[in-house]
Amino acid sequence: MASKILIIGACGQIGTELTMALREEVGNRNVIASDIREGSKELMASGPFEVADATNFDQIQDLVMHYEIDEIYLMAAMLSATAEKFPMKGWALNMNSLFHVLNLAKDKKVSKVFWPSSIAVFGPTTPKHDTPQNTIMEPTTVYGISKQAGERWCEYYFKKFGVDVRSIRYPGLISYKTLPGGGTTDYAVEIYHEALKNKKYTSFLKEDTELPMMFMDDAIRAAMSLMEAPADSVKVRSSYNLAALNFTPETLSKSIRKHIPEFEIDYAPDFRQAIADSWPSSIDDSSARKDWGWKPEFDLEKMTREMLKGVKDFHEV
Ligand code: SER
């Protein structure tokens, strides 16, 4: 019998595409999407959906029992820029939702958990280039602190209670199906929308701010292959470094200009610049490659082609 999967935060930037990919893989009825609000038409029409609040243990437990869930993907979170504005709310959402899921796994109500961490776990004292799997981690954002604490709890629940929790430190994620919200890396999505609509974009990060990034298809494939890996090959139970591309707003604008020659970019850095400056510019993901065979498929040129096509359709629908 196919595993029954619950996705919490199914209507967000990652959740939307993850839900559709998992439904494709294990069948629509076996993937229960949940969020505090309804999502895209495609998602709502494709299988079961339940309104649930990730911070409400009883609501999550009821779903797990009702649908006899085996695996949970916890995708609900408040991202870096928004969490700087609402620190206590961000901390409460990011931590309480994780505890609820880890406790359900500890009590054997579910057998496997996926939870995304982020490059935000690193900080200004971390080596900036080829940031190693194990290194100094002194995050300076509320979001980063919550993800780092979350990683420690994941490893703790694995070691202490045998909870099969698996995690990836995602870089900035680029996609066209659902707009991201509240992240520092979101400029790299907005830029495509503005390039197509107005042929110009004002970046809130400086031209030479290099950050690790990834196209959504790679991010989804990574989560699914980590979850499919045999348990004993998953050596890292905090969270895996994961890399695909690194670029600056300037390099990204050049790749767009190859398709839209009149595209113009200017720069007006805001509070998100300091967040970006505290993060690595490239990541060493050799542990993920070695342990479960990770390899990205999208480079900058391929991603730009897909994004321009996808964003165009997004605005035409
Ligand atoms: N993309 C996220 C953010 O910018 C980082 O995980 O907040």
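Counting starts at 1 for both ligands and their atoms, in listed order. Please read all numbers here as calculations on a predicted model, not as lab measurements.
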Lys206, NZ atom: more than 12 neighbouring heavy atoms under 6.0 Å: no
Hey, which atoms in ligand 1 end up nearer than 4.0 Å to a heavy atom of Leu79? 7 (O)
The answer for which part of Trp279 has a heavy atom under 4.0 Å from ligand 1 is side chain
Side chain to side chain donor-acceptor pair (under 3.5 Å) partners of residues 213-229, not counting sequence neighbours, each pair once: Asp218-Arg221
Nearest to atom 4 (O) of ligand 1, what protein heavy atom do you find, and at what distance? Thr184 N, 2.6 Å
Are Tyr240 and Trp292, when compared by the centres of their aromatic rings, separated by less than 6.0 Å? yes
side-chain hydrogen bond (donor to acceptor under 3.5 Å, both in side chains) between Tyr192 and Thr304: does it pass, once the steps are laid out? CA-CA 8 Å; Tyr192 288 104; Thr304 288; 2.8 Å; yes
Contacting atoms of ligand 1, where contact means under 4.0 angstrom from a heavy atom of Ser118: 5 (C), 6 (O)
Ranking Ser80, Ala77, Gly181 by closest non-hydrogen atom to atom 3 (C) of ligand 1, top hit is Ser80
Atoms in ligand 1 flagged as close to Tyr143, the criterion being non-hydrogen separation under 4.0 Å: 5 (C), 6 (O), 7 (O)
Just checking Lys200: does its NZ atom have more than 12 heavy atoms from other residues, nucleotides or ligands closer to it than 6.0 angstrom? no
Heavy-atom count check: over 12 atoms from other residues, nucleotides or ligands less than 6.0 Å from Lys89 NZ? no
Using distance alone, decide if ligand 1 has a nitrogen or oxygen within less than 3.5 Å of any nitrogen or oxygen in Thr185. yes
